[in-house]
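Working notes, structure below.
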Amino acid sequence: MLASKIFVPFIKDNPSEAEVVSHQLLLRAGMIRKVASGIYNWLPLGFKTLKLVEEIVREEISKTGAHEIFMPMVQPKDLWVDSKRWDKFGPELLRFKDRHERDFCLGPTHEEIITDLIRNNLNSYKELPLTLFQIQTKFRDEIRPRYGIMRGREFLMKDAYSFHIDSESLNITYLSMREAYKSIFNRLGLEYKIVKADSGAIGGEISEEFHVLADSGEDTLAFSDESEIAINAELLISAGEDINSLSGKSFPNSNEIIRLAKGIEVGHIFQLGDVYSTAMNATVIDEKGDRQILQMGCYGIGVSRIVAAAIEQNHDDKGIIWPKNIAPIQISILPIFKEQNDNALLFAKELYLKLNQQGLRVMLDDRQERFGKKITESELIGCPYAVVIGKNYTDNQTVEVISRTADKSEIKASEVETFLTRAFQ
RNA sequence: CGGGGUAUAGCGCAGUCUGGUAGCGCACUCGCUUUGGGAGCGAGUGGUCGUAAGUUCGAAUCUUACUACCCCGACCA
């Protein structure tokens, strides 16, 4: 990609509407723009990262044997009445009528749709267990959207749903999904914790949350250094108690000491059991020929929220520091040249083509701009590496490689391709 | 919905108290110079001052209503 051709509207001053770092940087780096409160445009760079996150999620979920589908955003009232949630869900369910005065809503989640799909089209225990998932835009008319895409009203979510003949089968899928989630966050290059959670409005019994660790996180996590115990700290405090007072105490029914950390919830997995299948009468015929209520699990990941969470966890005063697997641009090549036929520019173009052929995401900054502007913008948008090709190339046949996370280094021009290829292996 | 705040050019802001026909920095356009840490000089473009009504000879400025957006709270994958 060429810097002169891509649409990246930088902002020098922090927009006054942005309070949190990820929101500020996404705006300043030209990755998103607001359309209305909690509703955003995704511009080329931001969209690229969103797609990279989405693809990692898709691959890992698919590996569990789940199949991808695509469900509608607009959902009829009947199904929500069926599940008893039309009245229960409250005003965050955005409702409207079509031209025939029939009631609809914008889908904040898809339990109703998928349970309806399955009850109408799956009849035998032999077809179980089955897991389906989608990656799709959700809409929740939040009371107060905030922090940019961190809590938007419209957001991209991966939601998976599994169906089982019994709770044992549900548990097996639940655990494999849990493993898939771990693989996802490892590949994303994010520090995270899994904590026991309140299953909330979605219902069901067993559930765990995946949190990306960040000081700015809205949730407080309580965990132990000695074991796997970890729990959303909300669940440990009684009314009126300050959450931070937990620090140093021990867990209930344990002598392990509580440590606290801030997290951003980006995933939630549930064993729903038969909440929806009972309400909506979703059954299959078992091996004895009897009708059995289905057991269900559901598994969500906030794909767009991950983009914000990654920035909250990985940034400095210069800008974003993308983990290499989700960097929209992994390497920016910055020729500092005086004329179009300058040797530095020619070498830069050559390196650009070679790295592209290696499958790396590379940007050539072919604009006639000064070094300061090019490197500042490269750092703002979070490129893990910038290659500066200028005076040192002309004088000594070396280039400077500026890492976003390590010291800069001077490298022979002939070796820089190998150096960078290795860095991304 | 309760509390607090903001609305003037793409972004950040001044001007509002004390009414007199809109300004600064950045960005953008053109020219010349410049090219290793957000360049310099010169010349330009761009705003029905959130919307509507009112007061007034005259409103960004005063009055009223409305709308949008942000922050705190309740709520929330």
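Chain naming here is simple, since letters A, B, ... match the order of the sequence lines and numbering starts at 1 in each.
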* Could one point to a donor on the side chain of A:Arg28 or the base of B:rG38 with an acceptor on the other under 3.5 Å away? -> yes

* Asked: Which atoms form the tightest heavy-atom contact between A:Asp219 and A:Glu265, and what is the distance?
  -> OD2-CB, 3.9 Å

* To do: With heavy atoms under 4.0 Å as the rule, sort A:Lys138 into base, sugar-phosphate or nothing.
  => nothing

* Kindly say if A:Ser16 contacts the phosphate of B:rC13, meaning a side-chain N or O under 4.0 Å from OP1 or OP2. => yes

* Which nucleotide sits closest to the side chain of A:Glu142: B:rC26, B:rC75, B:rC72? -> B:rC75

* Per A:Glu377 side chain, nearest of listed nucleotides B:rG38, B:rC75, B:rU35 -> B:rG38

* To do: Rounded off to whole Å, could you give me the CD1-to-P distance for the A:Ile11 and B:rC13 pair?
  => 12 Å

* **Heavy-atom donor-acceptor pair, A:Glu379 side-chain to B:rG38 base, under 3.5 Å** => no

* To do: Can you tell me, in whole Å, how much space there is between the C1' of B:rG23 and that of B:rU16?
  => 14 Å

* Structure fact -> Whole-Å distance, A:Phe371 CZ to B:rA39 C1', equals 14 Å

* **Atom-to-atom span, CZ of A:Arg367 to P of B:rC28 - whole angstrom** => 10 Å

* Asked: So which nucleotide does B:rA43 pair with, by the Watson-Crick or G-U wobble rule with both distances under 3.5 Å?
  -> B:rU29

* Asked: Pick the nucleotide of RNA chain B nearest each of A:Val35 and A:Gly152; which residue has the one closer to the 5' end?
  -> A:Val35

* **Interatomic distance, A:Leu52 atom CG to A:Arg187 atom CZ [nearest 0.5 angstrom]** => 10.5 Å

* Donor-acceptor pair present, A:Arg146 side chain and B:rC70 base, under 3.5 Å -> no

* To do: Return yes if a side-chain donor-acceptor contact under 3.5 Å exists between A:Lys262 and A:Thr220, otherwise no.
  => yes

* Asked: Rounded to the nearest Å, what distance is computed from the CD1 atom of residue A:Ile39 to the C1' atom of nucleotide B:rC69?
  -> 13 Å

* Asked: Hey, does the side-chain of A:Glu369 have a donor or acceptor N/O within less than 3.5 Å of a partner on the base of B:rG38?
  -> no

* Asked: Is it true that a side-chain atom of A:Ser378 and a backbone atom of A:Lys374 form a donor plus acceptor pair closer than 3.5 Å?
  -> no

* Asked: With sugar-phosphate meaning primed atoms plus P, OP1 and OP2, does A:Asn14 contact a base, only sugar-phosphate, or nothing at under 4.0 Å between heavy atoms?
  -> sugar-phosphate

* Whole-Å distance between B:rA77 C1' and A:Phe155 CZ? -> 6 Å

* To do: Kindly say whether, by distance alone, the side chain of A:Lys408 makes a donor-acceptor pair under 3.5 Å with the base of B:rG37?
  => yes

* Asked: Base, sugar-phosphate, or nothing for A:Gly300, non-hydrogen atoms under 4.0 angstrom?
  -> nothing

* Pairwise ring pair (Phe, Tyr, Trp, His ring centres under 6.0 Å) hits with a residue in residues 369-415 of chain A, at least two apart -> A:Phe347-A:Tyr393, A:Tyr385-A:Phe424

* Asked: Phosphate oxygens OP1/OP2 of B:rA39: is one of them under 4.0 Å from a side-chain N or O of A:Arg370?
  -> yes

* Touch check for A:Glu209, heavy atoms < 4.0 angstrom, all strands: base, sugar-phosphate only, or nothing? -> nothing

